[in-house]
Amino acid sequence: QLDTTNILFICGGAFIGLEKVVEKRFRNKSLGFQADIKTNKQRHIESINNLEPEDLIHYGLIPEFVGRLPVIGTLRELDEGALLTILTEPKNALIKQYQKKFEFDNINLKFTDAALQAIAHEAHKRKVGARGLMMILEEILLDSMYHLPSEKSVNEIVITKEMIERKAP
């Protein structure tokens, strides 16, 4: 829980390209054997972690607005482990929601551990975050949700890794 009585507003967004503004402050122009060489991902993480209000101004936000942001916090991209946790652990996890939908039609929906890993991997690969998990589940289960309730002989569906990777029925 977060007490919002003293919070005027929260500003959030993707701020595409902000890391390039921060990198300009830290640009290392050294060459040779003593140069500190970093990958693009390392530079991106380092620049976002060193964000200052002046970077927001250089990015294009007006100083009066930036001055009203006393605390600046940055977030990083979700990794596959976090996506898997979002998929399975919360009280209203996506997997539980879909299982409940199928229960209404007396169909038991199961996912193999490899399938859950494949869903998280696919969402991470597409760079769609937690919202992408539902998109991937919809792609896989949409036909089943509409066709299987009329099939009285089906009482269980098992989703496997192959179904996720090949989008096989």
Side-chain angles (χ1 to χ4, degrees), residues 1-23 38-51 55-56 59 69 71-169:
Q1 294 289 336
L2 178 66
D3 180 15
T4 59
T5 54
N6 294 320
I7 297 176
L8 182 58
F9 61 89
I10 296 173
C11 174
F15 299 100
I16 306 298
L18 180 59
E19 70 279 356
K20 291 178 182 145
V21 173
V22 179
E23 283 177 21
K38 296 177 182 164
T39 65
N40 284 339
K41 188 170 188 167
Q42 287 172 325
R43 280 197 322 266
H44 176 76
I45 291 170
E46 184 178 295
S47 65
I48 291 302
N49 288 338
N50 292 309
L51 181 68
D55 299 321
L56 295 172
Y59 183 70
L69 301 173
V71 178
I72 297 174
T74 59
L75 303 173
R76 277 178 262 144
E77 179 182 352
L78 295 170
D79 63 359
E80 287 183 33
L83 291 167
L84 184 62
T85 300
I86 292 167
L87 194 61
T88 58
E89 289 184 19
K91 189 171 106 177
N92 63 343
L94 291 173
I95 295 299
K96 295 174 186 173
Q97 290 178 32
Y98 279 96
Q99 287 172 333
K100 195 66 156 171
K101 287 178 186 178
F102 278 90
E103 274 181 27
F104 290 135
D105 295 314
N106 296 320
I107 298 173
N108 188 15
L109 177 63
K110 292 184 180 180
F111 290 83
T112 65
D113 289 339
L116 295 172
Q117 288 282 355
I119 293 168
H121 176 74
E122 185 68 23
H124 189 263
K125 184 174 81 174
R126 292 184 190 183
K127 298 193 178 297
V128 291
R131 288 191 177 116
L133 294 171
M134 182 169 278
M135 177 178 63
I136 292 166
L137 287 170
E138 285 288 328
E139 289 173 4
I140 296 160
L141 297 172
L142 191 64
D143 287 340
S144 299
M145 285 192 293
Y146 290 106
H147 297 296
L148 291 181
S150 61
E151 299 282 330
K152 299 300 178 198
S153 62
V154 176
N155 57 10
E156 183 175 81
I157 302 171
V158 178
I159 305 298
T160 64
K161 179 181 178 181
E162 291 75 24
M163 295 170 77
I164 308 299
E165 292 174 347
R166 296 188 192 125
K167 303 198 181 13

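With hydrogens and angles ignored, the 3.5 Å screen pairs a side-chain donor or acceptor of Y59 with a backbone N or O of I16.
Looking only at side-chain heavy atoms (C-beta outward), I107 and I157 come within less than 4.5 Å of each other. Between I119 and F111 the shortest side-chain heavy-atom distance falls below 4.5 Å. Two residues are said to be in side-chain contact when any heavy atoms from C-beta on lie closer than 4.5 Å; L18 and L56 meet this criterion. Here the side chains of M145 and L142 are in contact, with some heavy-atom distance below 4.5 Å. In this structure the side chain of I95 reaches within 4.5 angstrom of the side chain of L137, judged on heavy atoms.
Taking CG of D55 as the reference point, atom CD of E23 lies at 11.0 Å (rounded to 0.5 Å). Here the CG atom belonging to N50 is positioned 13.0 Å from the CD atom belonging to E19, to the nearest 0.5 angstrom. M135 CE to L94 CG: the interatomic distance, rounded to the nearest 0.5 Å, is 12.0 Å. The NE2 atom of H124 sits 8.0 Å away from the CG atom of L78 when rounded to the nearest 0.5 Å. Rounding to the nearest 0.5 Å places CD1 of I159 at 7.0 Å from CD1 of I140. Here the CD-CG distance, from Q117 to L84, works out to 5.0 Å after rounding to the nearest 0.5 Å.
Residues forming a side-chain contact (heavy atoms from CB on, under 4.5 Å) with N6 (at least two apart in sequence, or on another chain): none. Applying the side chain to side chain donor-acceptor pair (under 3.5 Å) criterion to D3, with sequence neighbours excluded, gives T5. Considering only residues two or more places apart in sequence or on other chains, T4 meets the side-chain contact (heavy atoms from CB on, under 4.5 Å) condition with L2, I7. Remark: A123 pairs with L83, V128, L133, I136 by the side-chain contact (heavy atoms from CB on, under 4.5 Å) rule, at least two apart or across chains. In terms of the side chain to side chain donor-acceptor pair (under 3.5 Å) criterion, residue partners of H121 (sequence neighbours excluded) are, by chain and number, E80. Among residues two or more places apart in sequence or in another chain, the side chain to side chain donor-acceptor pair (under 3.5 Å) test is passed with N155 by none. With sequence neighbours excluded, the residues satisfying side chain to side chain donor-acceptor pair (under 3.5 Å) with Y98 are E138. Under the rule for a salt bridge (charged side-chain N to carboxylate O under 4.0 Å, His left out), E151 has no partner lying at least two apart in sequence or in another chain. In this structure, the side-chain contact (heavy atoms from CB on, under 4.5 Å) partners of V158, at least two apart in sequence or on a different chain, are K110, T112, E156, T160.
The salt bridge (Lys or Arg N to Asp or Glu O under 4.0 Å) with E77 is formed by just one residue from the set R126, K125, K127; it is K127.
Annotation: D113, atom CG; neighbour count of heavy atoms from other residues, nucleotides and ligands within 6.0 Å does not exceed 12.
In this structure, K161 and A118 approach most closely via the heavy-atom pair CG-CB, 4.0 Å. Here the closest non-hydrogen pair linking A130 and I86 is CB-CD1, 3.9 Å.
Within the structure, salt bridge (charged side-chain N to carboxylate O under 4.0 Å, His left out) contacts touching residues 85-102 (residues at least two apart or in different chains) are K100-E103.
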